[in-house]
Every structure is written in structure tokens, then in C-alpha cells.
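Take a look at the structure below.
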2 protein chains.
Amino acid sequence: MSETDGTPRDFDTLRALLIERRPDMPKRLAQVAAFAVDRPDDVTFGTVAAIAEQAGVQPSTLVRFAQSLGYQGFSELQDVFRARLRDRWPDYDERLEVLRRRSADSQGAHALFGDFVDTAVTSLIRLRDTIEPARMDEAARLIAGARAIYLLGQRRAFPVCSYMAYALAKLGSPTVLIDNVAGLGPEQAEAAGPEDLLIAVSFTPYTSLTVDVANAAAARGVPVLALTDSPFSPLMESAKVVIEVIEADLGAFRSLSGTLCLAMALCVAAAEIRRAEAEEKGPARA
Amino acid sequence: MSETDGTPRDFDTLRALLIERRPDMPKRLAQVAAFAVDRPDDVTFGTVAAIAEQAGVQPSTLVRFAQSLGYQGFSELQDVFRARLRDRWPDYDERLEVLRRRSADSQGAHALFGDFVDTAVTSLIRLRDTIEPARMDEAARLIAGARAIYLLGQRRAFPVCSYMAYALAKLGSPTVLIDNVAGLGPEQAEAAGPEDLLIAVSFTPYTSLTVDVANAAAARGVPVLALTDSPFSPLMESAKVVIEVIEADLGAFRSLSGTLCLAMALCVAAAEIRRAEAEEKGPARA
DNA sequence: CGAAAAATGGAATAAAAATTCCACATGATG
DNA sequence: CATCATGTGGAATTTTTATTCCATTTTTCG
């Protein structure tokens with residue numbers, strides 16, 4: 001993987017290289033190689049001095065070790081160790097750099113697309129691994145149990161809402177998309193009652209309309225399901241259930257893929273719950 | 001866990017503390033708290049200067065932040081972040097195991113979400129590998145060269161358009177989202193002229209409004225860029241450039257992830273082209 | 001509205017770290 | 001066994017990084 005000059009940039013390759021080359025290394029360097037393979041965490045987090053002591057060598061030996069592998073210095077080698085723990089979240093600055101360089105080449109659109117795809121995939125996988133199943137079930141039940149679903153989200157969150165509006169409508173749920181046309185957002189939301197559900201979607205920086213309408217609704221006893229990106233979201237107060245969605249971003253552009261998938265899954269899960277319940281109560285009616 | 005004096009030594013406690021105390025913190029410190037909770041990985045590996053920049057504060061603020069929580073300095077706080085990875089990730093295999101078990105266990109919403117994620121990832125990767133770079137460049141240049149961008153898409157395609165509207169606006173392009181409020185879609189599109197660009201997004205079954213408006217515009221000499229899902233799309237006739245987007249679907253639900261990524265990439269690519277051109281012509285004006 | 005307190009930004013300083021350098025040791029080779 | 005190439009330890013140096021300090025701004029409260 002990704003070594004142009006025999007100097008690994010990813011941990012697995014580096015590890016393999018160390019194991020392969022260790023027998024031919026000078027004593028101290030071999031010692032360092034062994035230590036690096038055995039206790040990668042210590043290498044990841046330690047300072048040169050600390051690692052040197054643990055490995056029983058001089059600090060300078062570590063630097064020479066790194067250089068003998070083709071790195072500029074020990075720090076560069078340590079970066080590979082760190083990337084191992086960090087990989088799933090592509091490095092912000094480096095990415096931006098790549099973005100800029102590529103578009104300067106005017107290789108442009110397609111390469112950029114590749115980056116966006118990477119970011120979206122990262123986002124999706126990460127979200128799948130971190131989201132709490134219990135929360136999702138709660139949310140799905142909330143949707144399934146509601147009389148009508150009110151969807152609230154502005155700016156970047158709006159596509160999510162309009163997508164849910166489409167999906168829910170297709171699944172047969174009474175749905176109101178609060179699009180705030182003519183500034184009537186608050187009024188659109190006013191029809192919602194305790195039997196209904198307001199799904200509020202908002203990301204930093206939180207649109208005040210969204211927050212205000214959600215709070216007002218909550219105050220009236222309308223249950224609120226919040227999809228948001230941080231535990232500090234102002235939606236936390238009013239929401240009955242909160243699902244935290246952390247998306248990866250590329251430059252200034254945050255992916256929406258994870259949120260959309262989540263939204264879709266919730267809608268379909270809710271539809272399933274409803275269907276199951278309908279079957280239990282009156283199988284004949286279907 | 002293990003805090004004698006209210007200063008957490010483990011990450012989870014620290015995180016909880018930050019969430020709890022953030023509302024009462026001064027602005028900048030709250031900002032740091034949010035950053036620390038949202039992007040712990042960046043805090044774990046960054047230097048004070050790098051983290052400060054990403055969080056939009058001064059280095060000294062980070063130190064003060066740590067001290068206000070009872071740590072001696074920022075480094076001590078960072079240790080807590082590092083310990084989190086040390087403790088949590090030593091064994092990759094175990095982690096995978098947990099993950100596997102979790103997704104096998106869970107039924108309902110979460111499992112469904114996993115499926116949607118799989119579908120989206122498949123969609124993304126496939127799209128990245130099949131799309132024609134030349135087309136994308138054409139499309140990006142078209143967007144970059146236009147006076148104003150008109151966005152047309154109904155139903156499932158609407159979220160894509162609203163997302164583009166958001167992105168283009170943020171990138172400084174004059175943008176009109178044809179949302180067809182009050183049935184005024186055709187009239188909204190009428191302002192578009194040969195200097196402008198109409199981006200039409202439509203998937204099977206093609207909404208007639210979209211097709212009609214796109215055709216009418218094309219007849220008037222407005223260039224049309226079509227994002228669609230089949231070579232038989234009725235948009236083929238009127239479009240100057242067509243990008244074909246094939247999305248994977250799960251049951252009746254087709255993913256949108258690929259289309260959204262594509263849309264985003266096009267917008268950013270166009271913005272880059274514009275910037276490059278602006279720099280060439282009048283570097284002084286920037 | 002005005003004084004006091006708290007918070008903030010940014011430069012200055014101190015601390016710590018990485019890296020380089022070189023004298024010395026070791027081991028291979030003729 | 002002399003010589004040379006290679007490897008090593010440790011101090012010196014340079015660079016990076018964290019922290020402190022203080023003038024200025026913002027907020028709070030009488």
C-alpha cells in the first residue's frame with residue numbers, strides 16, 4: 001500500500017516491513033524494531049526520550065532507526081503509528097491540501113468527486129459503528145406511533161427533511177413538511193399536537209427558526225425527535241429523543257450521507273412497526 | 001470514576017463533565033468544550049497550536065480551558081484523551097468482535113440502518129468507478145460559466161436540488177431553486193436565459209413538470225445539465241450535458257448518496273474553476 | 001449608565017522535545 | 001592483526017511546543 005519509495009505510509013505495511021527486515025538490522029535498530037512491533041501503543045503516544053528508555057536505547061537511535069527506513073525523522077515515523085488509530089477519520093488539513101492541489105491541476109471534478117465519496121463512505125461507516133441501537137428503536141417507535149409527522153429543518157438540514165417527507169408520504173404516513181414558505185414556519189408547526197411528532201433536524205450553526213419552533217412545540221406537549229450533530233445542540237432541551245449524527249467533512253463541506261441513511265432507516269423501520277402492529281390487531285383488515 | 005477533586009482522569013467522565021458544564025462556561029471555553037466533545041480525535045493527536053486553530057481559539061485559551069477544569073496544563077488534559085485510545089483500542093480483533101456481535105443482535109431499526117449504509121456505500125463506490133471524468137469536467141465548466149444557476153427537481157430529486165441550492169449559495173453563486181411553490185414552477189424558470197444554466201434532476205418515474213420545464217427552457221436557448229438515472233430519460237433530448245447516475249437500491253428505496261456526492265463535487269469543482277479564472281484575470285482584485 | 005470583574009487575544013517566555021554531531025566502540029576484511 | 005566501514009552513546013544544538021503574562025475587550029451587577 002501507498003509506498004512510492006519503500007517507505008510505508010500505513011501501519012500494516014510498516015509492521016510487515018519491520019518484521020521482514022529485522023533479522024538484517026544492526027543490533028540496536030533490531031531492538032527498536034522489536035519494540036515497535038510489540039508495543040505499538042507506546043510508540044504512538046510516547047516522546048522520543050520515553051520510548052528510548054522503554055526500548056533500552058538512546059534517543060538518537062530512534063531517530064536513526066526512522067531515518068534508516070526512509071523517514072525524515074522519528075516524528076514522521078510516529079505519524080504512521082498515530083494514523084493507525086486515527087485513520088477512520090481522514091485528516092482535515094491534509095485533505096484540504098489534497099483538495100486544493102488536485103483542483104489546481106484542473107484534474108478537477110472527477111478527483112474531487114472521489115474525495116467526496118471517500119468522505120461520505122467514512123461518514124457512513126463511522127456512523128453505523130457509533131450509533132446507539134436503543135435510541136434508534138425508540139425513535140422508530142416514536143415515528144410509528146405518531147398521528148402525523150411534522151418535519152422541521154432549514155438550510156443544510158432541509159434536504160433531509162424533504163427526503164423524509166417524500167419517503168414517509170410514500171409509506172403512507174400523514175406528513176407535514178415545514179418549509180417555512182412565506183415565513184409561515186411557526187404557523188405550519190402550530191397544527192401539531194401531543195398525538196403527533198415533530199422531527200427536528202439541525203446542525204451547527206443551529207438555525208434559530210428550527211430551535212424556536214421545536215421549543216415552542218415541545219412546550220405545547222408535542223413530542224420532539226431531534227437529529228443533530230452534537231450533544232450541545234440547543235435541541236437537546238426540548239427533544240424527547242435525540243440521535244446524534246457525526247458526519248465527516250471535507251473542507252467546509254460536511255457530508256449528509258449518514259444523516260440521510262439514518263432518516264431513511266428510521267422511516268422504513270417505523271413503517272415496519274406499524275405494519276406489524278396492524279397485523280396483530282386486525283390481520284383481516286389488511 | 002477516579003476523580004478525587006472533580007477533575008476527571010478518564011475520558012467518559014470528562015466528556016460527561018464537559019457536556020454538563022458547557023452551558024455555564026464563557027464563550028470561548030464553551031467553544032473548546034464543544035470541539036473537544038465533537039472531535040476528540042483531533043484533540044488526542046494535535047498540538048496546542050493545531051487544535052487551537054481548528055477550534056477557532058487562541059492557544060492560550062486551551063491552556064486556560066484545561067486549567068479551569070483543574071488540570072495543571074493542557075498536556076495533562078490531553079493525556080486523558082490519549083488514555084482513551086490506549087485503553088480502548090489495544091486489540092483490534094476484540095473490537096471487531098464486539099461490532100459484529102452488536103449488529104447481529106440488533107433487529108429492527110439499527111439492523112435496517114446497517115443495510116441502508118451498505119447500500120449507500122455500494123452506490124457510492126460503484127458510481128465513483130463508473131462515472132465519466134470528461135463529463136464531470138464539462139458539467140463543472142458549465143456551472144462555472146453560468147450567470148445564474150436554476151435548479152429543477154421534484155419529489156425524490158428535490159432534496160438534491162435543495163442541497164445544491166444551499167451549497168451554491170454558500171459558494172457565492174446566484175442560484176434559483178425552482179421549488180414549484182404555488183404551482184409557479186414554470187414561471188420561476190422563465191427568468192433563465194442563454195447566459196444561465198438549468199440543472200435538471202430527475203429519476204424514474206420522471207416527473208412531468210421537470211421534463212416540461214427543462215424542455216421549455218432548452219427551447220428558449222437555456223443550456224441544460226441533466227442528472228438522471230437512465231439513458232432513456234426524457235431529459236436526454238433537451239440536455240446539453242447529461243450525467244448518468246446509477247444508484248443501488250434496497251427494496252423500494254433507492255439511495256441518494258451518490259447523487260448528492262456528485263452534486264456537491266460539481267458545485268465545489270465549479271467554484272474552484274471560477275476562483276482559478278478570477279485569479280488569472282485579475283489577481284489584484286482578490 | 002458606569003465601575004468592577006471576568007474573559008480574551010496575542011506576544012513573550014519557558015520548557016520540552018527532536019535532531020544533529022562527533023568521539024569512541026565494534027566487528028568485518030584483507 | 002591492522003584498517004576501514006559501520007554502528008553506537010551521549011552531549012550539544014536547534015526546533016517545536018506549551019505555558020505565562022499582560023493589555024484590551026466584553027460582560028456583569030450595583
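Each chain gets a letter, A, B and so on, in the order its sequence line appears, and its residues count up from 1.
- Across the protein-nucleic acid pair, Phe65(A) atom CZ and dT19(C) atom P stand 14 Å apart, rounded to whole Å.
- For residues 10-33 of chain A, the ring pair (Phe, Tyr, Trp, His ring centres under 6.0 Å) pairs, not counting sequence neighbours, are Phe11(A)-Phe81(A).
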Reading nucleotides 13-30 of chain D from 5' to 3' and marking B where a protein heavy atom lies under 4.0 Å of the base, S where only the sugar-phosphate is that close, and - otherwise, the string is ----SSBB----------

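- To the nearest angstrom, C1' of dT26(C) lies 14 Å from CG of Leu29(A).
- With values rounded to the nearest 0.5 angstrom, Leu124(B) atom CG is found 5.0 Å from Ser257(B) atom OG.
- Within 6.0 Å of the CD atom in Glu53(A), the count of heavy atoms belonging to other residues, nucleotides or ligands does not exceed 12.
- With values rounded to the nearest 0.5 angstrom, Leu152(A) atom CG is found 8.0 Å from Leu235(A) atom CG.
- At most 12 heavy atoms of other shown residues, nucleotides or ligands fall within 6.0 angstrom of atom CD in Gln72(A).
- Close to dG10(D), at under 4.0 Å from its OP1 or OP2, lies a side-chain N or O of Gln58(A).
- Remark: P of dG10(C) and CD of Glu53(B) are 13 Å apart, rounded to the nearest angstrom.
- Residue Arg28(B) contributes atom CZ, which lies 13 Å from atom C1' of dG10(C) at whole-angstrom precision.
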Derivation and outcome, side-chain hydrogen bond (donor to acceptor under 3.5 Å, both in side chains), residues Glu247(A) and Thr259(A)
CA-CA 8 Å; Glu247(A) 297 262 15; Thr259(A) 314; 2.6 Å; yes

